[in-house]
Structure formats: structure tokens, C-alpha cells
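We name chains A, B, ... by the order of the sequence lines, and we start the count at 1 in each one.
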2 protein chains.
Amino acid sequence: MTTPLTTRTEIMSILENRGYRATAPRRVIIELLEGKKEGFTAEEISNELPGVGRATVFRTVKLLLNAGVLCRLNMMDGAPRYSISSVEHHHHTICVKCGNVGEFRATNIENLMRALSEQIPGEIVGHRFEFYVNCETCLAN
Amino acid sequence: MTTPLTTRTEIMSILENRGYRATAPRRVIIELLEGKKEGFTAEEISNELPGVGRATVFRTVKLLLNAGVLCRLNMMDGAPRYSISSVEHHHHTICVKCGNVGEFRATNIENLMRALSEQIPGEIVGHRFEFYVNCETCLAN
DNA sequence: CTCAGTGCAAATATTTTGCACTATG
DNA sequence: CATAGTGCAAAATATTTGCACTGAG
């Protein structure tokens with residue numbers, strides 16, 4: 001369907017711009033992540049890459065998270081899950097059955113934000129909207 | 001300011017209606033939680049109540065969570081935090097500095113939800129909106 | 001009395017860290 | 001070739017569970 005906006009090499013250069021080295025383990029991890037449409041846990045990645053040290057996976061995930069390449073999202077029970085983010089600012093739909101992650105931007109939301117910021121005391125520094133869904137594939141079954 | 005909508009005895013009867021017993025440890029925990037305006041972790045509660053077993057605190061928090069007395073909310077980094085919920089369906093503001101938790105209902109949001117559900121493929125089964133703020137008290141300092 | 005609930009400690013996750021080693025730039 | 005990055009195992013955290021005991025109804 002749509003080509004991922006963020007490619008392996010793109011991601012590597014994001015890291016390089018931040019002064020990080022393009023090492024083999026990082027390449028391997030990024031290669032695996034790229035194109036994963038489902039949310040994933042650091043644990044899963046670690047299991048799928050026995051050749052890469054567990055700690056390195058966790059360190060790299062955190063790195064990518066800070067670089068904005070990955071998004072952290074929480075399942076309904078709070079379990080952490082990550083997904084590649086292709087668009088700058090967006091929100092997620094997470095299938096509670098299969099873990100598939102969707103992204104969407106809704107200007108509606110940004111407008112709402114502006115309206116809410118007047119109702120909410122204090123200064124909004126961030127927000128998180130997550131929608132838990134049964135995805136179409138799961139519904140079809 | 002406002003009296004908490006949910007009192008100790010109210011909470012206890014919510015549990016009793018669900019077939020749970022009104023035991024001493026539960027009373028102690030609820031008494032502590034009641035009126036806490038800041039979000040809290042199970043850990044914190046456990047430390048503040050050395051007389052109550054650690055596992056009991058975790059079990060009770062989970063119980064109250066399922067009963068809808070507590071809300072689970074996530075800090076920006078995903079760390080779990082709980083807060084007493086006074087209104088049925090609502091969203092949270094969480095001060096990233098002091099951890100104070102605010103609640104609000106915005107019919108705006110419910111309307112938005114309805115609009116979004118048409119744009120989002122699949123069946124929405126839940127959502128979570130969290131606003132991270134610097135609260136007025138923290139801004140004042 | 002009976003069994004849900006408890007405390008304790010051990011078990012199980014989950015993530016981080018220390019450290020000697022490796023390899024990128 | 002300096003030092004960021006790595007792997008490993010141990011440590012630190014966080015939560016759950018097994019089990020014998022206690023107390024609410």
C-alpha cells in the first residue's frame with residue numbers, strides 16, 4: 001500500500017545527526033523494526049534477535065524513542081509497546097486483540113486541544129490520546 | 001473547595017455491592033487514598049502503610065481499579081500512577097512536576113469521539129486522553 | 001464455621017547497570 | 001587509537017503468587 005515514510009537509512013542518519021554511531025547491532029534492530037505495522041515490545045525484539053544483546057535492544061529502543069523515531073504507547077492495562085512513527089505528530093489506534101497499530105492525524109484534535117487549553121488550568125506541556133480498537137482484520141474473523 | 005464525591009463509606013459499599021468484604025486493611029488503604037489529590041503509585045501507598053502487606057496493597061489497588069474507584073493513568077514516560085476518580089467518565093491532567101491530578105469532563109471530547117469513530121477503521125472499544133501540564137501551583141513557584 | 005482475605009517470602013517479570021571488551025569514525 | 005558502543009551477567013525494580021493463617025459474615 002503506502003511506502004513507509006521512514007526508511008532504514010533515513011533512521012540511521014537521524015541517529016548520526018544526533019552524534020550516534022551507525023553500528024551493526026543498531027542497523028540490525030532498525031532493519032527489523034522497519035515495516036513492522038504491529039506494536040512491539042522491547043522483549044519481542046530481543047527474542048527475535050538472539051544475536052544482539054538484550055541490553056542493547058533496550059538501549060536502542062530508548063535511543064530511537066528519544067530521537068522520535070519510535071513512539072511509546074500503552075496498552076489498556078498500561079503495558080508498554082512501541083511503534084515506528086511515520087508522521088510528525090499523530091495519535092494511535094491499537095487493536096486490543098492483535099496489537100496492530102494505526103496512526104492518524106486529526107486536525108479536529110488539534111482544534112479541540114486549543115479549545116481545551118482554555119478550560120484547563122495550568123500550562124499544557126504534552127498530551128496523549130490513545131484509541132483502543134478491534135481492528136477490521138480481527139472483526140472479520 | 002469541593003467535597004470529594006466519593007467518601008470512604010461510599011467506596012466500601014461499592015466494594016460490598018460487588019461481593020467484597022469490608023476488611024480492616026482495605027479500610028486503612030481507602031482511608032489513606034481518600035482525599036489524595038496527587039496521583040500515587042501502589043509502591044508509595046505500601047510505604048506509607050507499613051502495617052499492611054505489600055501484596056494486599058497491590059491487590060486492593062487492582063480491586064479498586066476494576067471497581068472504577070481508581071483510575072490508572074500513565075506519566076509521560078509510562079510510569080503507572082493512580083488517582084481517585086470522582087466523576088463517571090472523565091479525562092486527566094497530570095502535573096509533570098508535582099504529580100497533582102486534575103479531572104475534567106468535556107462534552108467537546110465526546111463529540112469529537114463520535115466524529116473520529118467514523119474516520120477510524122475498526123470498532124473503538126476504549127480510549128485514553130491524558131494531558132500533561134505544569135499546574136498553577138508549580139507555575140507560581 | 002467457612003472461605004475470602006491476609007501477610008510473608010519466594011517467584012516472576014522487566015529494565016538498568018557495571019565492567020571488560022570491541023570496533024566505529 | 002580514543003572512546004562510544006556492546007555483550008554478558010548481576011543488580012535493581014516492580015509486581016505476582018503460593019501457602020498457611022486470620023477474621024468477616
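Distance CG (A:D77) to C1' (C:dT14): 14 Å, rounded to an integer number of Å. Atom NZ of B:K62 is separated from atom P of C:dA4 by 19 Å (rounded to the nearest Å). Rounded to whole Å, the distance from CZ on A:R81 to C1' on C:dT14 is 15 Å.
A:S85 contributes a side-chain N or O that, together with a main-chain N or O of A:G68, makes up a donor-acceptor pair within less than 3.5 Å. Looking at B:R26, its side chain does come within 3.5 Å of a backbone N or O of B:R21 through a donor-acceptor pair.
Contact check for B:V69 versus B:L63: no side-chain heavy atoms found under the 4.5 Å cut-off.
Classification of the A:F129-B:F131 ring pair by plane angle, with boundaries at 30° and 60°, yields perpendicular.
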* **side chain to side chain contact (heavy atoms under 4.5 Å, CB included) between A:I30 and A:L64, worked out** => CA-CA 9 Å; A:I30 291 170; A:L64 294 173; 4.2 Å; yes
* To do: Evaluate side chain to side chain contact (heavy atoms under 4.5 Å, CB included) for B:R72 paired with B:L70, printing each intermediate quantity in order.
  => CA-CA 7 Å; B:R72 183 198 163 106; B:L70 294 186; over 6 Å; no
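Between A:F40 and the choices A:E44, A:E43, A:E38, the side-chain contact (heavy atoms from CB on, under 4.5 Å) rule is met once, by A:E44.
Remark: nothing in residues 38-47 of chain B comes within less than 4.0 Å of DNA chain D through any heavy atom. Across residues 21-31 of chain A, A:R21, A:T23, A:P25, A:R26 each have a non-hydrogen atom less than 4.0 Å from an atom of DNA chain D (numbered order).
Between A:R81 and A:E130, no side-chain nitrogen of the basic residue sits less than 4.0 Å from a carboxylate oxygen of the acidic one, so the salt-bridge criterion is not met.
Toward the 5′ end of DNA chain D lies the nearest nucleotide of A:L63, the other residue of the pair A:L63 and B:F58 mapping further downstream.
How far CZ of A:R8 is from CD of A:E34: 4.5 Å, rounded to the nearest 0.5 Å.
Here the closest heavy-atom approach between residue A:A22 and residue A:E16 is recorded as CB-OE2, 3.0 Å.
Here chain A contacts DNA chain D (any atom closer than 4.0 Å to a heavy atom, that is under 4.0 Å), and the contacts span D:dT3 to D:dC8 from 5' to 3'.
Among the protein residues, A:G51 comes within range of the sugar-phosphate backbone only, with heavy atoms under 4.0 Å from sugar or phosphate atoms but none that close to a base. At the heavy-atom level, A:P80 lies under 4.0 Å from the strands shown only through sugar-phosphate atoms.
Cluster annotation: A:V133 is not connected to A:I94 through the hydrophobic network of ILVMFWY side chains, with a link wherever side-chain heavy atoms come within less than 4.5 Å.
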